[in-house]
Number of protein chains: 2
Amino acid sequence: MITIDYSDRRPIYEQLVDKIKNLILIGLLKPDEQLPSVRILATELSINPNTIQRAYAELERQGVIYVVKGRGNYVAQTTNLLAQHKEEIKGKIEAIVEEAKKANVTKEEVIEEVTKCYDKC
Amino acid sequence: MITIDYSDRRPIYEQLVDKIKNLILIGLLKPDEQLPSVRILATELSINPNTIQRAYAELERQGVIYVVKGRGNYVAQTTNLLAQHKEEIKGKIEAIVEEAKKANVTKEEVIEEVTKCYDKC
DNA sequence: ATAACTGTATTAACACTCTTAATACACTTA
DNA sequence: TAAGTGTATTAAGAGTGTTAATACAGTTAT
């Protein structure tokens, strides 16, 4: 369900945050569904429970999951997450468009590339 | 000409590599133009000469600059850099388009966003 | 030649972050 | 009560980035 990419320069806890967000976004984890416990996930991934805890704490801070002490971590409602994700995507588009423009890539070329990629993938 | 962003999580030497590439791309540094010496730039930016050296070494490795020992570092021909930069932009477009598609953002929405950003910035 | 620039290399120390390890404590559930 | 949850703390280790001090070699102008 989750794997760690040790060639990724980002810290493990940050990868975990993104992977779990992604699992929620694609619907593999649904609202109010329980996440694996800190210790179990740590064992599965062969990493330290503290690292899992750090990722879960960050996810809670972001409102992506909620915690019931003594019971476990659960997926929160996804409304905000979905909206945030769309905003994030728009922000990335804006950044790359600005970079493209600076590099004298025409609007048409950008759109052409978008179309090609969208149909391919 | 160059500033360091200490809130940027990336290491200084990596920021330098990007900033210098950018100066070349926008034409502020031209082929065969001499770059500031390791020691002078270090003094200007109030950082260690070794850090500049590391950035210059990486730029040389990438073929962006060339070195004449005892004389200095010079901007290389920009043909490859320009081509690489365009490829890099295409790669980024591909990545974001893929992400958008996964998030159920339609092709039309992406293009709409591209158009809006392109005209605005 | 000499001085004052260049780049390059080496070694050591320091700081920061990430990760691990070993515990301990509080809450929940069967 | 036992076994599972989350949470907190402290210490240690590893890795990377940065600094500092120094040395050496090539170039250029005087």
Side-chain angles (χ1 to χ4, degrees), chain A residues 1-21 24 29 31-76, chain B residues 1-21 23-24 29-76:
Chain A
M1 195 148 168
I2 292 180
T3 55
I4 297 170
D5 179 3
Y6 287 100
S7 69
D8 191 326
R9 292 218 307 180
R10 292 176 314 155
I12 296 174
Y13 79 90
E14 207 173 299
Q15 289 185 47
L16 287 176
V17 167
D18 282 359
K19 298 240 174 182
I20 291 169
K21 274 183 173 180
I24 297 173
L29 285 174
D32 298 319
E33 184 175 344
Q34 184 168 11
L35 294 162
S37 84
V38 167
R39 290 175 181 84
I40 285 184
L41 188 52
T43 305
E44 272 181 14
L45 300 178
S46 302
I47 62 176
N48 195 279
N50 290 352
T51 306
I52 308 288
Q53 170 59 24
R54 185 162 182 184
Y56 279 4
E58 174 60 19
L59 286 166
E60 195 206 1
R61 197 194 64 75
Q62 292 184 19
V64 177
I65 67 177
Y66 64 89
V67 188
V68 183
K69 227 187 140 188
R71 286 192 55 196
N73 293 274
Y74 299 84
V75 178
Chain B
M1 194 146 167
I2 293 179
T3 54
I4 297 169
D5 178 3
Y6 286 100
S7 68
D8 192 326
R9 293 219 306 181
R10 292 176 313 156
I12 296 173
Y13 79 91
E14 207 173 298
Q15 287 184 47
L16 287 175
V17 168
D18 281 359
K19 298 240 174 185
I20 291 169
K21 274 183 171 180
L23 288 173
I24 297 173
L29 285 174
K30 296 186 198 314
D32 297 321
E33 183 175 346
Q34 185 169 11
L35 294 162
S37 83
V38 167
R39 291 175 180 82
I40 285 184
L41 187 52
T43 306
E44 272 181 15
L45 301 179
S46 303
I47 61 175
N48 195 279
N50 290 354
T51 305
I52 308 289
Q53 171 58 24
R54 186 161 180 185
Y56 280 4
E58 174 61 19
L59 285 165
E60 195 206 1
R61 198 193 63 76
Q62 293 183 19
V64 178
I65 67 176
Y66 62 92
V67 187
V68 184
K69 225 186 142 188
R71 286 192 56 198
N73 293 275
Y74 299 85
V75 178

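The chains referred to below are lettered A, B, ... by the order of the sequence lines, with proteins before strands, and numbering in each begins at 1. Just so it is clear, the model here is predicted, and its values are computed rather than measured. Because only heavy atoms are used, hydrogens play no part in the values below, and waters and symmetry mates are left out as well, while side chains stay in.
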Chi angles and distances behind the side-chain contact (heavy atoms from CB on, under 4.5 Å) call for A:Tyr74, A:Val68: CA-CA 8 Å; A:Tyr74 299 84; A:Val68 183; 3.9 Å; yes
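- Here the P atom of nucleotide D:dT16 and the CD1 atom of A:Ile12 are 13 Å apart, to the nearest Å.
- Regarding A:Gln53, its CD atom lies at a distance of 7 Å from the P atom of D:dA8, rounded to whole Å.
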| message | Pair B:Arg10, B:Asp5 - check side-chain contact (heavy atoms from CB on, under 4.5 Å), show working. | response | CA-CA 9 Å; B:Arg10 292 176 313 156; B:Asp5 178 3; over 6 Å; no
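- Look at B:Lys30 and B:Glu33 and you find no salt bridge, because none of the NZ, NE, NH1 or NH2 atoms lies under 4.0 Å from a carboxylate O.
- Rounded to a whole Å, the CD atom of B:Glu58 is 11 Å from the P atom of D:dG17.
- For the OP1/OP2 pair of C:dT19 and a distance below 4.0 Å, the side-chain nitrogens and oxygens of A:Tyr13 include no atom meeting the criterion.
- Atom CG in A:Asn48 sits roughly 14 Å away from atom C1' in D:dA14 (whole-Å rounding).
- Note on A:Tyr56: every side-chain N or O is 4.0 Å or more away from OP1 and OP2 of D:dG6.
- The interatomic distance linking B:Ile52 (CD1) with C:dA9 (C1') rounds to 17 Å, in whole Å.
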Intermediate values then yes/no, side-chain contact (heavy atoms from CB on, under 4.5 Å), B:Tyr6 and B:Asp8: CA-CA 5 Å; B:Tyr6 286 100; B:Asp8 192 326; over 6 Å; no
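- Not one side-chain nitrogen or oxygen of A:Ser37 sits closer than 4.0 Å to the OP1 or OP2 atom of D:dG4.
- Checking B:Gln34 against A:Arg54, the closest nucleotide of DNA chain C that is more toward the 5' end is the one next to B:Gln34.
- Checking D:dT7, D:dA21, D:dT9 against the side-chain heavy atoms of A:Asn50 singles out D:dT9 as nearest.
- A sub-4.0 Å separation between OP1 or OP2 of D:dG6 and a side-chain N or O of A:Asn73 is present.
- Distance CZ (B:Arg9) to P (C:dC18): 7 Å, rounded to an integer number of Å.
- Under the 4.0 Å criterion applied to side-chain N and carboxylate O atoms, A:Glu14 and A:Arg9 are not assigned as salt-bridge partners.
- Within the 4.0 angstrom heavy-atom criterion, only backbone atoms of the sugar-phosphate kind lie near A:Ile40; the bases stay farther away.
- The distance from atom CG of A:Leu41 to atom P of D:dG6 is 10 Å, rounded to the nearest whole Å.
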Verdict with supporting geometry, A:Arg54 and A:Glu58, side-chain contact (heavy atoms from CB on, under 4.5 Å)
CA-CA 6 Å; A:Arg54 185 162 182 184; A:Glu58 174 60 19; 5.9 Å; no
Dump the pairs, protein N or O against N or O of nucleotides 24-30 of chain D, anything under 3.5 Å, distances to one decimal.
from, atom 1, to, atom 2, distance (Å)
D:dG26, N2, B:Gly70, O, 3.2
D:dT28, OP1, B:Arg71, NE, 3.1

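- Atom P of nucleotide C:dT6 and atom CD1 of B:Ile65 are separated by 15 Å, given to the nearest angstrom.
- The side chain to side chain contact (heavy atoms under 4.5 Å, CB included) test with B:Leu45 is passed by exactly one of B:Ile2, B:Thr51, B:Ile12: B:Ile2.
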